[in-house]
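Worksheet: the structure to be examined is printed underneath.
None of the values given here were measured: they were computed from a predicted structure.
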Amino acid sequence: MDPRITLVTLGVSDLEESIRFYRDGLGLPMQEREDDSDVAFFPLDGTWLSLYPRESLAEDAAIPADGNGFAGITIAHNVSTKAEVDAVLDEVAASGGRIVKPAQEVFWGGYSGYFADPDEHLWEVAYPQLTDD
């Protein structure tokens with residue numbers, strides 16, 4: 001297997017709400033789509049983010065769609081400074097995301113915080129400090 005991830009698909013309960021959050025709120029570029037399409041694609045640097053109805057995604061994976069709670073996965077977005085961590089989390093909060101863990105110094109030497117999107121998918125925003133500031 002080649003060491004790369006090309007697409008992350010999030011199962012969402014309200015596709016239009018999630019599009020508004022990621023495209024309009026966070027400013028991610030979205031690939032053009034038909035109005036009645038049940039999927040949205042966001043081309044990112046090095047990978048793609050996809051939003052797809054949770055029920056349909058569960059059906060595709062042949063698993064129950066009614067799972068809840070922590071799914072055992074987070075998505076990370078690394079930035080270049082601590083100030084950028086704070087700025088992204090501020091943008092998330094203004095866009096309707098929920099701050100799960102405010103930005104703070106972390107045990108591994110960096111600075112990070114977590115947020116949840118409208119479907120409670122967890123994202124970490126991190127400054128992975130490699131040298132002393």
* With sequence neighbours excluded, what pairs up with S13 under the side-chain hydrogen bond (donor to acceptor under 3.5 Å, both in side chains) test? -> D119
* Partners of Y111 by side-chain hydrogen bond (donor to acceptor under 3.5 Å, both in side chains), sequence neighbours excluded? -> D86
* Asked: Between Y52 and D38, which heavy-atom pair has the shortest distance, and what is it?
  -> CD1-O, 3.3 Å
So, using side chain to side chain contact (heavy atoms under 4.5 Å, CB included) as the criterion, who are the partners of [X] when residues are at least two apart?
X	value
E120	R98, A116
A76	N78, E124
A83	T81
R33	L15, E16, I19, M30, S37, A40

* Do V39 and Y22 share a hydrophobic cluster, counting only Ile, Leu, Val, Met, Phe, Trp and Tyr and linking them when any side-chain heavy atoms are less than 4.5 Å apart? -> no
* Specify whether F115 and W123 have parallel, tilted or perpendicular ring planes, treating 30° as the upper limit for parallel and 60° as the lower limit for perpendicular. => parallel
Can you list, pair by pair, the side-chain donor-acceptor contacts under 3.5 Å of residues 53-62, counting residues two or more places apart and other chains?
residue	atom	partner	partner atom	Å
R54	NE	A65	O	3.0
R54	NH2	G67	O	2.7

Compile the donor-acceptor pairs under 3.5 Å between side chains in residues 100-109 and protein atoms, sequence neighbours left out, one pair per line.
residue	atom	partner	partner atom	Å
Q104	NE2	P102	O	3.1
E105	OE2	K82	NZ	2.9

* Less than 4.5 Å apart, any side-chain heavy atom of E17 and any of V12? -> no
* Does any pair with a residue in residues 18-29 pass salt bridge (charged side-chain N to carboxylate O under 4.0 Å, His left out), and if so which ones, sequence neighbours excluded? -> none
* So L44 and V8, side-chain contact (heavy atoms from CB on, under 4.5 Å) or not? Walk me through it. -> CA-CA 11 Å; L44 308 175; V8 173; over 6 Å; no
